[in-house]
Amino acid sequence: MTTVTLIPGDGIGPEVTAATRQVVDALGVGIEWEVHDAGAPAIEAHGSPLPEHVLRSITTNKVALKGPVTTPVGTGFRSINVALRQELDLFASVRPCRLYPGVASRFDAVDIVVVRENTEDLYEGIEFECSSKEATKLRGFLSYMHGFDMRPDSGISIKPISISATHAIVEYAFEYARKYRRRKVTLGHKANIMKFSDGVWLSEGEARAAEYRDVGFEAIQVDELAMHLAWTPDDMDVIVLPNLYGDIISDLCAGLIGGLGLAPGMNLGKDHAVFEPTHGSAPDIAGKGVANPIAMILSAVLMLRHIGQRDAGDRLERAVATVLANGKIRPADLRPVGEPATTDAVADAIVAALP
Ligand code: NAI
């Protein structure tokens with residue numbers, strides 16, 4: 001019996017989590033779920049968006065499966081997702097984007113893995129509100145020390161990129177490429193403009209790449225990378241990116257393989273792993289029972305492999321592939337020809353297709 005922390009989240013989170021739990025339980029691998037709230041539901045119940053006992057559950061179990069959690073825009077509590085990644089030092093976000101037969105796409109074959117640095121960059125949370133005392137002080141300091149003339153009506157976010165975090169994530173990307181026999185690692189950057197932050201990223205990335213001569217390597221500007229992905233995605237393999245570019249590019253890659261409803265993900269640290277889909281809480285469709293649960297189910301596939309249940313993970317992925325190839329049961333986001341399938345109907349079809 002393996003105990004896994006289960007965070008249903010909010011919005012469509014509880015719906016896709018219930019579907020995922022149903023299909024994982026049908027595998028009969030003996031997982032005990034320890035269910036906890038995070039985000040707005042946790043504030044109501046426990047007075048904090050990320051209560052201490054939730055962190056304790058993950059540090060004890062080492063593995064969590066998590067639904068999306070809404071982050072208020074502009075005001076309110078900071079992202080639980082970012083806080084979890086920082087608290088547990090989940091330094092690597094890994095998002096495999098694979099096109100399954102039967103899914104409509106502009107491309108014939110896409111098999112890309114986005115490896116995103118997860119703890120720093122503009123997501124570190126060093127921010128100064130427009131017109132605040134702190135922002136005014138910082139502007140004064142920058143003007144006095146360096147002659148930088150910043151507009152007085154600016155909000156400010158700081159982008160730290162360290163050698164150590166770059167070292168860890170680029171090394172992870174190469175080790176991943178080696179382990180799964182991928183042909184190359186592409187490093188995206190914007191070091192021509194951000195010479196000191198992306199400059200560290202590029203130079204440390206190139207230094208690590210030199211230690212992995214058996215894996216191909218290229219470094220390209222992230223805007224050019226976006227163009228290549230929209231044009232010839234089959235040229236891409238493993239892509240390693242700093243936090244913000246990784247966030248954007250992994251959604252772009254989800255668009256290449258049928259959309260967010262099919263894009264799984266995992267956040268890995270040295271000691272803990274949190275598995276979650278790339279998508280958010282989708283408030284526009286929450287509560288309607290129409291969300292596509294496959295991204296969350298494929299995140300559970302990654303989780304099963306991580307906890308040593310490789311066969312169960314393979315069986316579940318095969319069942320998902322069968323349902324997608326068959327095409328009869330399709331949720332609304334996959335643009336079915338006939339009536340769209342509900343979240344529960346997709347889960348039932350996957351259980352029925354289990355080998
Ligand atoms: P979103 O991913 O929730 O939704 C974008 C679009 O994709 C919407 O039209 C939505 O209906 C659709 N969509 C997403 N997942 C789907 C699914 N499984 N099935 C069918 N359609 C799906 O992104 P959005 O709207 O920017 O974010 C909503 C909230 O989620 C925000 O508060 C954001 O901060 C949060 N969020 C949380 C994440 C997490 O918990 N890891 C990740 C991304 C966003």
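Note that these values count all heavy atoms, side chains included, but never hydrogens, waters or copies made by symmetry. One-based numbering, in listed order, for ligands and for the atoms of each.
Ligand 1 places these atoms under 4.0 Å from at least one heavy atom of I285: 11 (O), 20 (C), 21 (N). Here is the list of ligand 1 atoms found below 4.0 Å of a heavy atom in L260: 2 (O), 5 (C), 7 (O). Under a 4.0 Å criterion applied to the non-hydrogen atoms of K66, ligand 1 contributes the atoms 39 (C), 40 (O), 41 (N). Shown in contact with E276 at under 4.0 Å from a heavy atom are these atoms of ligand 1, numbered in order with element: 41 (N). Heavy-atom proximity to D333, at under 4.0 Å, picks out these atoms of ligand 1: 20 (C). Close approach of ligand 1 to P68 is summarised as follows: ligand atoms under 4.0 Å from at least one heavy atom of the residue are 39 (C), 40 (O). Those atoms of ligand 1 that come under 4.0 Å of a heavy atom in N292, given as number and element, are 17 (C), 18 (N), 19 (N), 20 (C).
Heavy atoms of T278 found under 4.0 angstrom from ligand 1 belong exclusively to the backbone. When non-hydrogen atoms are compared, ligand 1 lies under 4.0 Å from the backbone of T70 as well as from its side chain. Residue contacts with ligand 1, taken as heavy atom pairs separated by less than 4.0 Å, involve P283 solely via side-chain atoms from C-beta onward.
Cluster membership for I297 and V24, using ILVMFWY side-chain heavy atoms within less than 4.5 angstrom, is shared. Cluster membership for L122 and L84, using ILVMFWY side-chain heavy atoms within less than 4.5 angstrom, is not shared.
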- Task: Determine, stepwise, if the pair R330 / E339 fulfils salt bridge (charged side-chain N to carboxylate O under 4.0 Å, His left out).
- Result: CA-CA 8 Å; R330 276 196 195 291; E339 189 65 16; over 6 Å; no
- Query: After noting the C-alpha distance and the side-chain angles of L138 and I158, does the key distance pass the side chain to side chain contact (heavy atoms under 4.5 Å, CB included) rule?
  - Reply: CA-CA 11 Å; L138 180 59; I158 296 205; 4.3 Å; yes
- Chi angles and distances behind the salt bridge (charged side-chain N to carboxylate O under 4.0 Å, His left out) call for R178, D214: CA-CA 8 Å; R178 240 185 209 167; D214 52 322; 2.8 Å; yes
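Among all heavy-atom pairs drawn from R208 and H167, the shortest one is NH1-ND1, 3.0 Å.
The option with the heavy atom closest to atom 10 (C) of ligand 1, from among N267, D284, L84, V274, is D284. Nearest-residue assignment for atom 16 (C) of ligand 1 (options I12, V82, I7; heavy-atom criterion): I12.
Classification of D111 and R98 as a salt-bridged pair fails, no side-chain N sitting under 4.0 Å from a carboxylate O.
When the side chain to side chain contact (heavy atoms under 4.5 Å, CB included) test is applied to R151, the partners found at least two apart in sequence or on another chain are D153, S154.
The closest side-chain donor-acceptor pair between E276 and N267 falls under 3.5 angstrom.
Checked against a 3.5 angstrom limit, the closest N/O atoms of A282 and ligand 1 fall inside it. An N or O contact shorter than 3.5 Å links V69 to ligand 1 by distance. Annotation: G67 places no N or O atom under 3.5 Å from an N or O atom of ligand 1; distance criterion only.
Ligand 1 has N81 within reach: a non-hydrogen atom of the residue lies less than 4.0 Å from it.
Taking the six-membered ring where the residue is Trp, F91 and Y172 present perpendicular rings, their angle passing 60° and hence far from 30°.
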